[in-house]
Structure formats: structure tokens, C-alpha cells
Trainee: 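Structure incoming, see below.
Indexing begins at 1, ligand by ligand and atom by atom, following the structure's order.
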Amino acid sequence: MIKRCLFPAAGYGTRFLPATKATPKEMLPVLTKPLIQYGVEEALEAGIDTMAIVTGRGKRAIEDHFDVSYELEHQIKGTEKEHYLTEIRDVITKCTFSYTRQIEMKGLGHAILTGETLIGPEPFAVILADDLCDNTSEANGVLSQMTKLYKKYKCSIVAIEEVPKDETNKYGVISGEQIEEGIYQVDDMVEKPDPKDAPSNLAIIGRYILTPDIFDIIRDTKPGKGGEIQITDALLLQAKQGKVIAYKFKGERFDCGSIDGFVKATNYFYKKQKTK
Ligand code: UTP
């Protein structure tokens with residue numbers, strides 16, 4: 001039912017300068033795979049094969065990554081190195097990719113609105129590739145869990161995680177009534193609140209299912225925290241209409257937008273690969 005996944009990938013990635021000066025943050029690799037490929041594979045696993053990517057200046061490497069490199073193919077065809085391309089070839093064969101550029105980086109909400117032209121009037125998924133998620137053995141990927149939930153609730157869904165109370169100022173934070181094990185009817189959400197003002201310690205991570213009315217709401221959303229157009233502010237309006245649920249996902253999540261999270265993810269995937 002959810003056919004498209006939007007990847008806002010236009011941010012500057014200043015926390016990774018100078019690495020991100022000429023390389024998109026989304027192309028930084030955890031082991032051998034760029035962050036955005038992990039995201040695309042998670043969407044594919046959820047049955048989504050249409051990827052809509054919002055890029056910006058200096059992000060052309062993302063388009064090249066999801067395209068055939070004839071020279072490389074020619075060079076390694078038939079050699080023992082060919083298997084290194086198996087995963088990315090698989091992704092390219094199974095998906096279609098479309099791109100649009102965010103001209104001014106006015107925030108995540110604005111990036112999502114920029115993607116409207118690639119999405120159209122239908123519910124869609126959003127993945128922030130710098131939040132890297134991995135399945136635990138008992139569950140599918142996070143987006144897969146959320147698309148299943150969408151079939152039941154047919155409203156916007158945000159993935160949440162409990163965070164230490166002193167870290168609420170890094171996230172959008174929700175409050176709401178638990179309506180099922182790990183599922184909350186959202187009644188309030190605040191972008192990056194000080195711990196003393198946070199309505200809970202349930203933080204939104206980079207996975208969303210959004211209904212298309214969100215586009216009109218974002219159009220009317222004024223710049224909020226940090227002068228940016230925040231998706232949290234737009235979602236609050238939907239929440240007030242009783243149309244947002246929050247889902248405590250099963251799995252691991254790494255904040256690869258921060259150096260700490262990136263190092264943790266690298267160690268985690270390295271250990272996982274070694275024990276395969
Ligand atoms: P971040 O808050 O992590 O910002 O954006 P950033 O620019 O990527 O990184 P720092 O803080 O400067 O280090 C969260 C997500 O929203 C996207 C980013 O690409 C990232 O996936 N984003 C943010 C946009 O696409 N456009 C924007 O204007 C802002």
C-alpha cells in the first residue's frame with residue numbers, strides 16, 4: 001500500500017566536516033556500504049521499490065551510486081572481485097530512483113515538502129539515512145514493521161525510541177496515551193525540548209509514514225526551532241486531529257549523523273560481519 005519512500009538528503013552534514021565538504025553525508029560508509037544504501041535496502045525489504053531522493057548542491061555522488069558504472073563493470077567482470085558489486089547491482093535492478101533538489105536548506109519539513117513533486121497524493125514513507133537501523137532476529141526492518149502498522153491505523157506514524165532524559169534536546173519528543181503495547185496515540189510533540197520541558201523521553205527517530213495532507217500542512221508551517229521548517233510542527237497539527245501514532249520499533253538504531261553514533265554503528269556491523 002505504501003509504494004514510495006522519500007529520502008531527505010540535502011542537509012550540510014556539518015558535524016562531519018571536512019569529510020562532508022565534497023562528499024554527501026549519506027555516502028559515508030559503514031564498513032563498505034554508504035548510509036543511504038542501507039536505507040534503500042530497508043525500504044525494499046518493506047516492499048517499496050520507488051525511491052524519491054531530495055538532494056542538494058554537491059550531492060551528485062548519490063545519483064552515481066545508484067547507477068551503473070560501465071567502466072567498473074567492464075574492469076571487474078569475470079574476476080574474483082565481481083561479487084563486491086552483487087548487492088548494489090541487486091538494488092539498482094529492483095528499484096527506480098527519482099531526484100529533486102532542495103535549493104535552500106530550510107529544514108527537514110521543507111525538504112519533505114520539496115519531495116512532494118516525486119510523491120504525489122498518496123501515503124509515503126520517509127527514511128533519514130543518517131539514522132541507521134538494523135533488525136533484531138525476531139523482527140523485520142523498522143520500515144517493514146511500520147508499513148504493517150499503517151494497514152491497520154491508516155494515519156501518520158512516527159518511529160520512537162526511549163532516550164536518556166538529558167538527550168531530549170537532540171530529538172522531536174512526543175507524548176500520548178498507549179493504545180497497544182508500544183503504540184501511542186500522539187497528543188503532543190515538541191522539537192528538541194530542554195529536558196525540563198520535554199513531555200516524555202520518547203524521541204522520534206528518522207522513520208516516518210506520512211499521509212499526503214502533510215504537504216498542505218507544511219506549506220502553512222512557519223519556521224520553528226533554529227529558524228527551520230520543522231516536520232515536528234506540521235505533525236503536531238495532524239496529532240491534534242488524532243491522526244498520528246508513535247511506534248516503539250524493534251531493532252537497533254544508530255545516530256550516524258553524530259561521530260559517536262557512527263563509530264558505534266561501525267563497530268556493531270563489523271562484529272556482526274565477523275560472527276557471520
Ligand atoms: P540534520 O539535522 O542531521 O542536519 O538533518 P544535517 O545538515 O544533515 O547535519 P548537521 O546537523 O549539519 O551535521 C536531518 C535530516 O534531514 C535532512 C538531512 O539531509 C538529514 O537526512 N535535511 C535537513 C534536508 O534534507 N534538508 C534540510 O534543509 C535539513
Trainee: Among Glu162, Glu161, Gln145, find the one that has a side-chain hydrogen bond (donor to acceptor under 3.5 Å, both in side chains) with Lys248.
Mentor: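 The side-chain hydrogen bond (donor to acceptor under 3.5 Å, both in side chains) with Lys248 is passed solely by Glu162 among Glu162, Glu161, Gln145.
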Trainee: Take every heavy atom of Gly13, measure it against each atom of ligand 1, and state whether any distance is under 4.0 Å.
Mentor: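 The answer is yes, since Gly13 has a heavy atom less than 4.0 Å from ligand 1.
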Trainee: Hey, is ligand 1 close enough to Val54 that some N/O pair sits below 3.5 Å?
Mentor: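 No.
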Trainee: Look at atom 26 (N) of ligand 1 and find which of Glu228, Glu26, Lys59, Gln102 reaches it with the closest heavy atom.
Mentor: Gln102
Trainee: The criterion is salt bridge (charged side-chain N to carboxylate O under 4.0 Å, His left out); which residues satisfy it with Lys94, sequence neighbours excluded?
Mentor: Asp90
Trainee: Considering distance alone, does some N or O of Tyr12 sit under 3.5 Å from an N or O of ligand 1?
Mentor: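 Indeed, backbone or side chain, Tyr12 has an N or O that close.
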Trainee: Please work out whether any backbone atom (N, CA, C, O) or any side-chain heavy atom from C-beta onward of Ala9 is under 4.0 Å from ligand 1, and answer side chain, backbone, both or neither.
Mentor: backbone
Trainee: Just by distance, do the side chain of Ser144 and the backbone of Gly141 share a donor-acceptor pair under 3.5 Å?
Mentor: no
Trainee: Compute the minimum heavy-atom distance from Leu108 to ligand 1 and say whether it is under 4.0 Å.
Mentor: yes
Trainee: Below the 3.5 angstrom mark, is there an N/O of Ala10, backbone or side chain, next to an N/O of ligand 1?
Mentor: yes
Trainee: Taking all non-hydrogen atoms of both residues, which atom of Ile48 and which atom of Ile2 are closest, and how far apart?
Mentor: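 Reported closest heavy-atom pair: CG1-O, 3.4 Å.
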Trainee: Nearest heavy-atom pair of Asp131 and Arg253: which atoms, and what distance?
Mentor: OD1-NH1, 2.7 Å
Trainee: Closer than 4.0 angstrom, basic N to acidic O: yes or no for Lys192 and Glu228?
Mentor: no
Trainee: Return the residue, atom name and 0.1 Å-rounded distance of the protein heavy atom closest to atom 28 (O) of ligand 1.
Mentor: Gly107 N, 2.9 Å
Trainee: Measuring to protein heavy atoms, does anything land under 4.0 Å from atom 5 (O) of ligand 1?
Mentor: no
Trainee: Can His110 be said to touch ligand 1, with heavy atoms closer than 4.0 Å?
Mentor: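 It does not; every heavy atom stays at 4.0 Å or beyond.
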Trainee: Which of the numbered atoms in ligand 1 are under 4.0 angstrom from any heavy atom belonging to Lys25?
Mentor: 3 (O), 6 (P), 8 (O), 9 (O)
Trainee: Using a 3.5 Å cut-off on N or O atoms only, is Pro8 in polar contact with ligand 1?
Mentor: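 Yes.
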Trainee: Given Ser175, which partner from the list Asp188, Val186, Val190 fulfils the side-chain contact (heavy atoms from CB on, under 4.5 Å) test?
Mentor: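 Exactly one candidate clears the test, Asp188.
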Trainee: Flag Gly257 as yes when one of its N or O atoms lies below 3.5 Å from any N or O atom of ligand 1, and as no otherwise.
Mentor: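 No; every N/O pair is 3.5 Å or more apart.
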Trainee: Are the charged groups of Glu82 and Arg89 less than 4.0 angstrom apart, N to O?
Mentor: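 Yes, this pair counts.
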Trainee: I'd like to know if the side chain of Gln185 and the backbone of Ile179 have a donor-acceptor N/O pair within less than 3.5 Å.
Mentor: no
Trainee: Taking only heavy atoms of Arg15, which atoms of ligand 1 are found under 4.0 Å from at least one of them?
Mentor: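 Atoms satisfying the 4.0 Å criterion: 3 (O), 9 (O), 10 (P), 11 (O), 13 (O).
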Trainee: So that I can tick it off, tell me whether Asp134 and Lys272 are bridged by a salt bridge, with the cut-off set at under 4.0 angstrom between side-chain N and carboxylate O.
Mentor: yes
Trainee: Could you find the nearest protein heavy atom to atom 19 (O) of ligand 1 and give me its residue, atom name and distance?
Mentor: Gly11 N, 2.9 Å
Trainee: Closest non-hydrogen protein atom to atom 12 (O) of ligand 1, residue and atom name please, with distance?
Mentor: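 Its nearest protein heavy-atom neighbour is Thr14 OG1, 2.5 Å.
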Trainee: Show the atoms of ligand 1 that are less than 4.0 angstrom away from any heavy atom in Met105.
Mentor: 28 (O)
Trainee: So which bit of Asp130 gets within less than 4.0 Å of ligand 1, heavy atoms only: side chain, backbone, both or neither?
Mentor: side chain
Trainee: Check the pair Asp213, Thr211 against side chain to side chain donor-acceptor pair (under 3.5 Å), reporting the backbone distance first and the verdict last.
Mentor: CA-CA 6 Å; Asp213 53 314; Thr211 52; 2.5 Å; yes
Trainee: Hey, which atoms in ligand 1 end up nearer than 4.0 Å to a heavy atom of Ala111?
Mentor: 24 (C), 25 (O), 26 (N)
Trainee: Kindly give the heavy-atom pair with the smallest separation between Leu35 and Val30, and that separation in Å.
Mentor: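 Scanning both residues completely, I find the closest heavy atoms to be CD2-CG2, 3.8 Å.
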